[in-house]
Protein chains: 4
Amino acid sequence: MIIYFTAMRHKDELKQDAIIEAAIKLVNEIGFAASSVAKISKEANVSPATLYIYYKNKEDLLVSTYVNIKKKLSDAALKDFDSSLPIRDILERLWHNMFNYISLHREYFKFAEQFSNSPYNELVKKEEVEKYFEPMVRVLKKGIEQKIIKDVNHDILAAFIFYPIMSLSNSRLCKGFDNNEINIDTAFTLAWDAIKL
Amino acid sequence: MIIYFTAMRHKDELKQDAIIEAAIKLVNEIGFAASSVAKISKEANVSPATLYIYYKNKEDLLVSTYVNIKKKLSDAALKDFDSSLPIRDILERLWHNMFNYISLHREYFKFAEQFSNSPYNELVKKEEVEKYFEPMVRVLKKGIEQKIIKDVNHDILAAFIFYPIMSLSNSRLCKGFDNNEINIDTAFTLAWDAIKL
Amino acid sequence: MIIYFTAMRHKDELKQDAIIEAAIKLVNEIGFAASSVAKISKEANVSPATLYIYYKNKEDLLVSTYVNIKKKLSDAALKDFDSSLPIRDILERLWHNMFNYISLHREYFKFAEQFSNSPYNELVKKEEVEKYFEPMVRVLKKGIEQKIIKDVNHDILAAFIFYPIMSLSNSRLCKGFDNNEINIDTAFTLAWDAIKL
Amino acid sequence: MIIYFTAMRHKDELKQDAIIEAAIKLVNEIGFAASSVAKISKEANVSPATLYIYYKNKEDLLVSTYVNIKKKLSDAALKDFDSSLPIRDILERLWHNMFNYISLHREYFKFAEQFSNSPYNELVKKEEVEKYFEPMVRVLKKGIEQKIIKDVNHDILAAFIFYPIMSLSNSRLCKGFDNNEINIDTAFTLAWDAIKL
DNA sequence: GATGAATGAGTGTTCATTCAT
DNA sequence: CATGAATGAACACTCATTCAT
């Protein structure tokens, strides 16, 4: 039987968090290639060796960080999820939640973008991430059944209802897009027009 | 036409091409971070030193390759560009051209995705790339003036008329999307519904 | 005394010494230009990476080594320094001490000669080296005040009382000079005749 | 039979000179180690390959340059050499000639200092250089025979009559020494006092 | 658990030299 | 004679990881 003293557990998690935050910060600032274990551990104020207590290796750290971010994003998106609302309202709420979360955590999102466009992405167990977004998929399916949403391939729907969020949130791509409520509303209108029957 | 007045060996375009292709191939297979100069030059069957005859450094090689790809993509998109056609037809043709080009040159596109999500992207002179896509921007503007297209921020329009192409072409993201004519047509319908008034 | 509060491996002074000795040996044998980090670390039986634990970079290693040698030389020269002796005796003792030290540590001296004639020399903080030789400067000044030594520019005096030691000790230059007591005495007579009033 | 048209010969020598001057300049500015063939040839405005027409290899270039400089220095020193003058006057004239030449050609001298303190120096055929300084040696010998100069080892005499010139001319060592006629005269007095009987 | 020392293998880049023209 | 292209080997330096403490 293992007994954790609160203080110890606390300390551990602080360190683990520090490492993750350091990784995200560095990847965003200097990129994947340049973010070495030495630099990450220095940024987190721990020894390189310490990093290997919490993660099997560098790959493990990066993949964990990514999954972590994805989970947080889905949590935020599904906050106040209410399947009894009209489909459009559900999606609008999701849309706003995601925008809010992303704009509050740009650095998480930038990391995820880099990660998901690198071969590291192949190392993520797909189901583990997809399960977080399961409820959204179900909404779309219901919409199709109710003849409210176009009956087209799921990826196509996603490309118009979720992916534009990424695109618009990406400051690299959209320097001219001001991330305010009105613009976000406007954008949702387009998204809805795209998928609605 | 190049005229050499003095005797010397000429730069070998085959070699330069081999280096670019090697870079693209490797970045796609093992990722940006792992694509070292040594590996790229080995893949291209040249000495690492040779690479530095054609490019100032690694960064220069990668940026050049990216700009090159972007140019080719815009050339392909604007093939048969005819501003006298109806707006919808112009965009539909652009849409198909881009899909065709991307599906024929997945490697180019995958490279570009990785590149544009890495810090290397900041090194690209934005105007140099944007000028290629100038004609498309003008079409959208005309559509707005003619009250055919919604009068919203340009970035929002782009997020629904261009960015979904990227998303749908990205096999990492859309494993379930079959890149055939029918699907592409369907997707365009959604895009058009999104932006049309 | 160093107290370590946390568990860790200590820096190994033996290793640091081995690196310095290897650098000196190699610079003497194959010259500054050819003494690469790889060769130095191999000679010292450590990994090239280890060298960078002890020194910021190659330059740091070489400069540190040089300053180190200069310090040792001045320590040796000033051994038994007694300002109450007659000026001539003080200088004679300095002269002998330096000759003795140099002839016992030819490698150090040869390294210093190469170093001080290379652009690396500009990287040495001048005061750091000059402070070691401060007492000798004071002796010359006192000699001038007492009308025992010619009242001429300090550099000129140094060129006759210190620099000939370098010249005579340099086996490259003086293959015919046997470094024995009689010769050293003789040489000092000339030095003294040069500077005395 | 080979016929050289004047123009051709001229051109050759210009190039050869340009290479030597470039080598000297670069060695002085960035040091022996950093002076690569590529940089030297670029500085001389020729192709790296051209350098190998005039010199067997890099070593050959550097050694030739050094011997060249030494020859020029001895030519300058022995200008107006008149063995019928009193010994002191001969040496004084030599002394002034050398100082003048060195102060007019600091860069040659700096190169020579670096070179002679590097292992490259071993590659110089000693006789080739020493023969240039033969007349000076003969003067010293005559002085000893005539009981004007101390009868001590030749290297010791050289260390006081020639080497101080190097020391005083070396701006790295003697920042406080102003290279004017009065100072040079003063310095010669010390040199003469050192060696005279 | 946590550390800084230690490292072989690798990084991007430049080297001295040769080659075809 | 003169060139710029071409290169394997070397350069200074950093990497991800392991080790003893």
Side-chain angles (χ1 to χ4, degrees), chain A residues 8-9 11-12 15-16 33-42 45-61, chain B residues 4-12 15-16 33-42 45-61, chain C residues 4-12 15-16 33-41 45-61, chain D residues 8-9 11-12 15 33-42 45-61:
Chain A
M8 282 172 66
R9 287 286 291 160
K11 202 175 168 195
D12 291 356
K15 245 171 204 147
Q16 198 156 2
S35 296
S36 68
V37 169
K39 287 176 192 155
I40 291 171
S41 57
K42 185 172 233 175
N45 277 316
V46 299
S47 161
T50 305
L51 202 145
Y52 286 84
I53 294 168
Y54 296 99
Y55 301 98
K56 203 152 50 69
N57 50 32
K58 191 189 179 184
E59 182 183 301
D60 183 29
L61 162 62
Chain B
Y4 292 100
F5 287 96
T6 53
M8 60 169 168
R9 266 161 113 180
H10 304 24
K11 275 195 187 174
D12 186 346
K15 236 161 217 158
Q16 192 156 6
S35 295
S36 68
V37 169
K39 286 176 194 154
I40 292 172
S41 57
K42 182 171 251 178
N45 276 316
V46 299
S47 161
T50 303
L51 201 147
Y52 288 85
I53 294 169
Y54 295 95
Y55 301 97
K56 204 152 46 66
N57 49 34
K58 190 190 179 184
E59 179 185 304
D60 183 30
L61 162 61
Chain C
Y4 292 100
F5 287 95
T6 52
M8 60 169 167
R9 268 162 113 179
H10 303 23
K11 276 194 187 175
D12 185 346
K15 235 161 219 161
Q16 192 156 7
S35 295
S36 69
V37 169
K39 286 176 193 155
I40 292 171
S41 56
N45 276 316
V46 299
S47 160
T50 303
L51 200 146
Y52 288 86
I53 294 169
Y54 296 95
Y55 300 96
K56 202 153 47 69
N57 49 34
K58 190 189 179 185
E59 180 184 303
D60 183 30
L61 162 62
Chain D
M8 280 172 68
R9 287 286 289 162
K11 201 175 170 194
D12 290 356
K15 245 171 203 145
S35 296
S36 68
V37 169
K39 286 176 193 157
I40 292 171
S41 57
K42 184 172 234 174
N45 278 316
V46 298
S47 161
T50 305
L51 201 146
Y52 286 84
I53 295 167
Y54 296 99
Y55 302 97
K56 202 150 50 68
N57 50 32
K58 191 189 180 185
E59 180 182 303
D60 184 28
L61 161 63

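Below, chains carry the letters A, B, ... as their sequence lines are ordered, and counting in each starts from 1. Only heavy atoms go into these numbers, but all of them, side chains included; no hydrogens, no water, no symmetry mates.
For Lys15(A) and dA2(E), the shortest distance from a side-chain N or O to OP1 or OP2 is below 4.0 Å. Proximity of Ser36(A) to the phosphate of dC15(F): a side-chain N or O atom is located under 4.0 Å from OP1 or OP2. Considering only side-chain N and O atoms, Tyr54(A) lies under 4.0 angstrom from the phosphate OP1 or OP2 of dA2(E). Under 4.0 angstrom from either OP1 or OP2 of dA6(F) there lies no side-chain N or O belonging to Ser47(B).
Within the nucleic acid shown, Val37(C) comes within 4.0 Å of sugar-phosphate atoms alone, with no base atom in reach, counting heavy atoms only.
Rounded to whole angstrom, the span from the CD1 atom of Ile40(A) across to the C1' atom of dC15(F) amounts to 12 Å. dG1(E) atom C1' lies 15 Å from atom OH of Tyr55(A), rounded to whole Å. Look at CG on Leu51(D): it is 10 Å from P on dA16(E), rounded to the nearest Å. Rounded to whole angstrom, the span from the NZ atom of Lys56(B) across to the C1' atom of dG12(E) amounts to 14 Å. Note: NZ (Lys42(B)) to C1' (dG12(E)) measures 16 Å, nearest angstrom. The nearest whole Å value for the distance from the NZ atom in Lys58(C) to the P atom in dT14(F) is 14 Å. Between the CG atom of Asn45(D) and the P atom of dG4(F) there is a distance of 10 Å, rounded to whole Å.
Relative to the side chain of Asn57(A), the nucleotides dA12(F), dT17(F), dT17(E) differ in distance, and dT17(F) lies closest. Closest to the side chain of Ala49(A), from the set dA6(F), dT18(F), dC15(F), is dT18(F). Closest to the side chain of Tyr52(C), out of dT14(F), dA2(F), dT17(E), is dT14(F).
Each of Val46(C) and Lys39(B) was matched to the nucleotide of DNA chain E holding its nearest heavy atom; the match closer to the 5' end belongs to Val46(C). Nearest-nucleotide assignment on DNA chain E puts the 5′-proximal partner with Ile53(C), out of Glu59(B) and Ile53(C).
A donor-acceptor contact shorter than 3.5 Å links the side chain of Lys39(D) to the backbone of Ala34(D).
Pairing partner, dT21(E): dA2(F), with both Watson-Crick or wobble hydrogen-bond distances short of 3.5 Å. With both pairing distances under 3.5 Å, dT14(E) is matched to dA9(F) as a Watson-Crick or G-U wobble pair.
Atom CG of Leu61(A) is separated from atom CD of Gln16(A) by 9.5 Å, given to the nearest 0.5 angstrom. Distance check: Ser47(D) OG to Ile53(D) CD1 gives 8.0 Å after rounding to the nearest 0.5 Å. Lys42(B) contributes atom NZ, which lies 9.5 Å from atom OG of Ser36(B) (distance to the nearest 0.5 angstrom).
Tested against Leu51(A), the residues Val37(A), Asp60(A), Asn57(A) include a single side-chain contact (heavy atoms from CB on, under 4.5 Å) partner, Val37(A).
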